[in-house]
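What follows is a set of notes on a single structure, which appears directly below.
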Amino acid sequence: MKPAELPTPALVVDLPTLEENVATMARRWPGESLRPHVKAFKSTALAKLLDRVGHHGFCAATLREVEGMADAGLGADILLANETLDTDRLAALARRDDLRLTIAVDSIETIEAAAAGGVGEVLIDVCVGLPRCGCEPADAGRLADLARDRGLAVRGVMGYEGHIVGLEDRSDRRNGTDASMADLAAAHQLVGGAVVSGGGTGTWDLNSSVTELQAGSYTLMDTAYAALDLPFTQALTVAGTVLSVNRSRGFAVADVGLKALGMDHGLPRVEGHDVWFCSDEHVTFAPRDETPWPSVGQAISVLPAHVDPTVAYHERMHVVRDDEVVDVWPVDLRNW
Ligand SMILES: Cc1ncc(COP(=O)(O)O)c(C=O)c1O
């Protein structure tokens, strides 16, 4: 099947581009120095591709992602890089012998939940500037002692500089990363352990102080990250069909609306066109300069601005090589 024949809207992954992105990252962060974050792509088929090139440890953001990775035989070393209080689901995971699970903790409550759930290993999650979970760096040692008192093994620290990864100016990104990683190093001094986990796609070559990089978006990419000076190329598009053309009012409309796109990083792109806006089921756009007007029924490609939520809206990705759909990967880590 040709991608242009897919029922739309449909997620399309260009396999050679994905493979190139994976190879570029693996040259700098080979093997287990990269702990890819599955939240970006939510697919165990894609995770298996990363496993095959030597990345055997993964980050997850939800318990569903942890469960799905273990079900797929990818549970060798999963870090739930997020807080949870769900002791029942933790207990079910802790009973599995096909899963090594480490979870992030940043409070007495999350430490108690890990201990009650029978999880053996934790990382102390440190706030390095992003106001989204993480303890104060100076409090990390106290929490590590508390975790050890509860019988948990503390593998080290994690701190995600999510407020920095998307900054367009490279020197701002460098300075921000240095400041965040200084906080993480201070916390690590107090905590100990072999693991210092952090970083993302936008800081992949600026963050040299972590022992493992947590990047995920680099695999499929999006227009927000494509605006930075990164060597990764957009492998993910949403295939759409032009539904209506109104030349007298200067716009065309396709069936890729905000229910098929993560919109928190702004409007998607349609090459050669200006995107006016998205509504539930529609994207309205207009050809720029020399671009010819599209016709009703024509296939178009829409480039999402934010990969993670875009993928999460869809049930499957259509994998394309040389303009042929060669595989279909379920987005099997969806939901929570
Ligand atoms: C905890 C954590 N680590 C790492 C990442 C890296 O992601 P990305 O590759 O999108 O920069 C994220 C993304 O949100 C995250 O939440």
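Both counts, for ligands and for their atoms, begin at 1 and track the order of listing. Quantities reported herein were computed from a predicted structural model and do not represent experimental measurements.
Within the listing of ligand 1, atoms 1 (C), 15 (C), 16 (O) sit less than 4.0 angstrom from a heavy atom of Arg132. Heavy-atom proximity to His37, at under 4.0 Å, picks out these atoms of ligand 1: 2 (C), 3 (N), 4 (C), 5 (C), 12 (C), 15 (C). Close approach of ligand 1 to Gly200 (heavy-atom distance below 4.0 Å) involves ligand atoms 6 (C), 11 (O).
Just one residue in the list Asp172, Thr203, Val165 forms a side-chain contact (heavy atoms from CB on, under 4.5 Å) with Thr177, and that residue is Thr203. With Met221 as the partner, the side-chain contact (heavy atoms from CB on, under 4.5 Å) test is satisfied by one option alone out of Asn21, Thr17, Leu303: Asn21.
For ligand 1, the polar-atom distance check finds no N/O of Asp308 at less than 3.5 Å from any of the ligand's N/O atoms.
A donor-acceptor pair shorter than 3.5 Å can be found between the side chains of Thr102 and Arg155.
Scanning Gln214, Met158, His306 for the heavy atom closest to atom 6 (C) of ligand 1 points to Gln214.
Remark: distances from the non-hydrogen atoms of Gly216 to ligand 1 include one below 4.0 Å. Ligand 1 has at least one atom lying under 4.0 Å from a heavy atom of Gly199.
When all heavy atoms are compared, the tightest approach of Gly166 to Leu228 is O-CD2, 3.8 Å. Heavy atoms only, all atoms of each residue included: Gly200 and Glu161 are closest at N-OE2, 4.3 Å.
Looking only at heavy atoms of the protein, atom 10 (O) of ligand 1 is closest to Ser217 OG, 2.4 Å. Annotation: atom 12 (C) of ligand 1 to nearest protein heavy atom, Tyr160 CZ, 3.3 Å. Scanning the protein for heavy atoms near atom 14 (O) of ligand 1, the closest one is Lys39 NZ, 2.7 Å. The protein heavy atom nearest to atom 11 (O) of ligand 1 is Tyr225 OH, 2.6 Å.
Side-chain atoms of Glu281 do not come within 3.5 Å of backbone N or O of Asp255 as any donor-acceptor pair.
With a 4.5 Å cut-off on side-chain heavy atoms, His37 and Asp308 do not count as touching.
In this structure, the ring of Phe41 has its center no less than 6.0 angstrom from the ring center of Trp329.
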